[in-house]
Number of protein chains: 2
Amino acid sequence: MTNIKDLAKMAGVSVTTVSRVLNHHPYVSEEKKNAVLAAIKASNYQQNINAVHLSKGKTQLIGVVLPYSDHPYFSKLLKGIAQQALEQNYHLVLFQTDYKECRELGALRMLKQKQIDSLIICSRSSDWSTIEEYLPYGSIVLCEDVKDRQVSSTYVNHYKIFYNALEYLYKKGHQRIGYVIARKSGTNSQYREKAYRDFHTKYQLSYQPDYIIDECLYFEDGEKAINRLKKMKTPPTALLVTSDQVAAGIVVSCQTHGISIPNQLSIIGFDNQPIAKMMNITTIEIPLLEMGRSLFLQAVQSDLTNKELSSRLIERDTVSYKEKNK
Amino acid sequence: MTNIKDLAKMAGVSVTTVSRVLNHHPYVSEEKKNAVLAAIKASNYQQNINAVHLSKGKTQLIGVVLPYSDHPYFSKLLKGIAQQALEQNYHLVLFQTDYKECRELGALRMLKQKQIDSLIICSRSSDWSTIEEYLPYGSIVLCEDVKDRQVSSTYVNHYKIFYNALEYLYKKGHQRIGYVIARKSGTNSQYREKAYRDFHTKYQLSYQPDYIIDECLYFEDGEKAINRLKKMKTPPTALLVTSDQVAAGIVVSCQTHGISIPNQLSIIGFDNQPIAKMMNITTIEIPLLEMGRSLFLQAVQSDLTNKELSSRLIERDTVSYKEKNK
DNA sequence: TTGTATGCGTTATCAT
DNA sequence: ATGATAACGCATACAA
């Protein structure tokens, strides 16, 4: 494997000059430049990037932490991150955590080892204190409202979105509203739960803990959600489903179980994935691609920023107007 | 940032000794070992992994090339790869190519630069000649039948699978069979097309090019496929759908269009994803997790192996027995 | 415009 | 069992 020393010898110049043409630096004569270029061609030279990394102290590698890479929400987010990474000439190292904290710690450790320049945590498992411990080693960017903490972040306002969606359903006459979610813990889930509580307080509705259906991630979990509903004496008349895939699964499952949508059950999905369009599911669009791109940019920029992205309701066919029973 | 030199000074030993305890080498006295360990604790030391990489000429990084990371087929394959990587203490660098050859070349180049130790190509875009050109720089493993070429691979026999599935449908009385696929090019697709042709020849059926429906990748593409079918004068009575998600999309789309499954249209999906189980779709199980794990192992092993994995038909409710019209 | 010398942090070789 | 030193391949401050 030939290195710049060899090239220098071949071209009859110094290693510095070789390095200069390699990095497109100015102040090198055409003549010598060509000699170097010729040597590169002749030797089939390839830079050893690890040496560059060691020398520069940077790797052009950004870590991405996410629980499930095969979940459409995270896939789309990742896609946005990857798009921007490509543009900025960075590469991505993937950390699929399954929400296991030790895996997230592994990513943090790589940051400390300088194998990655920064870390994007799409959904956090570890405590704030651990995150802060690793902050000195590179920028860490998050996908949640971080309040006044000293990290960059891009997120949507889950509280507001949830609250608005609940009010929307209320105005459509729904009084018994449940929601379907992936996990109950996590910052975003807690914002949603708070919105759910506040909504019930404001409209003096009775808060039903079993209307919160968790551990629903994929299409096939729609079946699971419906089974939970069927066990209830007075099931909700509307469901906020924090994933379009699960919403679609619910719609299909309802057909099997003879539940009419939206008459017997109204559904609002999340994300506005293509599946929601195909199945005419009312949904709340979350700008996942834009979010991904923003997260990446924050990862490579040195200044701290916090960006709240907006979302919007897309009305389709899965929400009914319900006569209020007095 | 403290380095081993500092540690050596602190512990009153040489850098070599420090390196020894860092790498759990033998021949170091308990006393000095403890001194080093103490220094490590005191200084919050962290190895600079890039220096290790440069010194060792290896990075413990494996590249993974795939067209779409948000597609369930590749997600699941990736999951298998990631599982094994975790076990062997490797990390993964993701190359999402969208089947753009230049992106695949980028991955190949990283192999040459020694930023990654080997490369797993889940679905290939570039020519064999280009692959071979990069073979000297690290092992490249593929997910297709590579014949006698000097690379490792794990794959399923797409020819046999397709042929068997076609015969299965034929025995159920189907004479007009179509198939739905992601792309027509690619080694695996070509095997399938060959099986499709051979099947038609053997049973003296007329080969209908428009029964091959391509560019269907996601659930929502099921709608697209059905629209193509509706334009035909004599549409197929059965469909081999090379993705369970698309198969599910077709099933849902058929309900909307009033097409009865399996009476008017039989469906066989591929992969045996959870969605197929939920919707009772007859499918062909492909051991994607196992495939991923095998691919990874081949990537880190030095010897060349080629492994064919088996698949099996899972009979559910989307294939009808059709009376043959004489 | 060019080259020399040094540093990056670690591992490996070869003494002792 | 321990340590000095070379090597890994490249970038860069500084000198010329």
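Model, not experiment: these values are computed from the prediction. To find a chain, count down the sequence lines: A is the first, B the second, and so on, and within it residues start at 1.
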Exercise for review: Inspect the surroundings of NZ in K76(A) and state if more than 12 heavy atoms from other residues, nucleotides or ligands are less than 6.0 Å away.
Suggested key: yes
Practice item. For residues H53(A) and Q115(B), determine if any side-chain heavy atom of one lies less than 4.5 Å from a side-chain heavy atom of the other. Key: yes
Study note, to complete from the structure: Protein-proximity profile, nucleotides 1-11 of chain C, B/S/- by nucleotide at the 4.0 Å heavy-atom cutoff, equals BBBB--BBBBB
**Study point:** Distance-only donor-acceptor check, side chains R183(B) and S189(B), under 3.5 Å
**Key:** no
Exercise for review: Starting from P on dG3(D), measure out to NE2 on H25(B) and report it in whole angstrom.
Suggested key: 16 Å
Point to revise | salt bridge (Lys or Arg N to Asp or Glu O under 4.0 Å) involving K112(B) - partner list, sequence neighbours excluded | key: none
Study note, to complete from the structure: In whole angstroms, the gap separating C1' of dA4(D) from NZ of K9(B) amounts to 15 Å
**Study point:** Spacing between L7(B) atom CG and dG3(D) atom P, to the nearest angstrom
**Key:** 14 Å
Practice item. Ignoring hydrogens and angles, state whether a donor on the side chain of S123(A) or Y99(A) is under 3.5 Å from an acceptor on the partner side chain. Key: yes
